[in-house]
Amino acid sequence: MKPLERRLIEPSRPLERTFFARPTLKVAVALLGTLLVRREAKGDLTTGIIYEVEAYIGSDDLACHARSGQTARNAAMWGPPGNAYVYFTYGMHWMLNAVTEPKGNPAAVLLRAAFPQNGIERMRARRGHKADHLLSDGPAKLCQAFAIDRTFDQRSLCDGNAALTIHPGMAINPDAVQATPRVGIKNVPEPWRSIPWRFFLHPKDLSGSSHSH
DNA sequence: AGCACGATTAACT
DNA sequence: GTTAATCGTGCTC
């Protein structure tokens, strides 16, 4: 018996580059509630609603990889807004970012968590047989669940038929957005270590009004 | 050439 | 609560 999928969200057009070509903090908050869509072989869709992000903004931000100037690794951040920036860390994990701000202005939003919507069994096959909410509740887990690796670095997230896109998702109550310091940067100097550029929604705020068009 | 550490995770005590 | 895993990157010598 095929497991029951959550509500099938038929993706509309992806978010356009103009969505990402804005101040990074605005893009970060606006990404909450949007739908991450991974098109796999045979047209299978793996999707989830983004509910946790972090902003990394420019070479002055000492937590941002742009702090040490442009290199082969971080070049994506200097590229067009709406591209992916995917990097490898801790010797084993991939991280997915969406590049923001006008081209040449290095900044990005780290996608830290998404609530599974479609393709949940594919996520389980890659992540182990865990409860839905544990499949993509961290930046490296998200990349595992959605099968994202270096091949996505510098690729557009805005092309309709691409393997990875971001689409309008749920309407979000701005009052429900939580902000805290970014995590995993405890050796970064102040004020960057404590500036509240992590944004997220509580699960209860994900179960409300959903719309796909 | 060597080295310290990382936008983390899973598995421990 | 702690810690091993595991290796690319950027910095120092």
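Residue numbers begin at 1 in each chain, while the letters A, B, ... track the order of the sequences.
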Worksheet item: Taking any atom under 4.0 angstrom from a heavy atom of chain A, which nucleotides of DNA chain B are the first and last to qualify, 5' to 3'?
Response: B:dG6 to B:dA10
Worksheet item: Mind checking whether A:His133 and A:Phe115 have ring centres under 6.0 Å apart?
Response: no
Discussion item. At under 4.0 Å between heavy atoms, how does the protein contact nucleotides 3-13 of chain C? Give one character per nucleotide, 5' to 3', with B, S or -.
Written reply: --BBBSSSS--
Practice prompt. Could you identify which residues of residues 101-108 of chain A place a heavy atom less than 4.0 Å from some atom of DNA chain C, listed by residue number, or say none?
Written response: none
Discussion item. Rounding to an integer number of angstrom, what distance separates B:dA7 and C:dG1 when you compare their C1' atoms?
Written reply: 23 Å
Considering only distance and modelled atom types, tabulate donor-acceptor pairs under 3.5 Å from the side chains of residues 169-180 of chain A, sequence neighbours left out.
{"residue": "A:Asn173", "atom": "OD1", "partner": "A:Asp175", "partner atom": "N", "Å": "3.0"}
{"residue": "A:Gln178", "atom": "NE2", "partner": "A:Ala176", "partner atom": "O", "Å": "3.4"}
{"residue": "A:Thr180", "atom": "OG1", "partner": "A:Arg198", "partner atom": "NH1", "Å": "3.0"}

Worksheet item: Is A:Ala63 touching bases, backbone alone, or none of the nucleic acid, heavy atoms closer than 4.0 Å?
Response: base
Worksheet item: More than 12 foreign heavy atoms under 6.0 Å from CD of A:Glu40: is that the case here?
Response: yes
Discussion item. Counting Watson-Crick and G-U wobble pairs with both distances under 3.5 Å, what is the dot-bracket string for DNA chain B, 5' to 3', using [ ] for crossing pairs and | for pairs to another strand?
Written reply: ||||||.|||||.
Worksheet item: Looking at side-chain heavy atoms only, is the closest gap between A:Met95 and A:Val86 below 4.5 Å?
Response: no
Worksheet entry | Flag, side chain of A:Arg127 to backbone of A:Arg124, donor-acceptor distance under 3.5 Å | no
Worksheet entry | Positions of residues 181-191 of chain A (non-hydrogen atom under 4.0 Å from DNA chain C), listed by number | none
Worksheet item: For atom P, what is the distance between C:dT3 and B:dC5, given to the nearest Å?
Response: 16 Å
Discussion item. Tell me whether the rings of A:Tyr87 and A:His65 are parallel (<30°), tilted (30 to 60°) or perpendicular (>60°).
Written reply: perpendicular
Discussion item. Can a side-chain donor-acceptor contact be found between A:Arg17 and A:Asn83 if the only test is distance below 3.5 angstrom?
Written reply: yes
Discussion item. If only side-chain N and O atoms count, and only distance matters, is there a donor-acceptor pair under 3.5 Å linking A:Tyr51 with A:His202?
Written reply: no
Worksheet item: Should the pair A:Trp197 and A:Trp192 be assigned to parallel (<30°), tilted (30 to 60°) or perpendicular (>60°) ring geometry?
Response: tilted
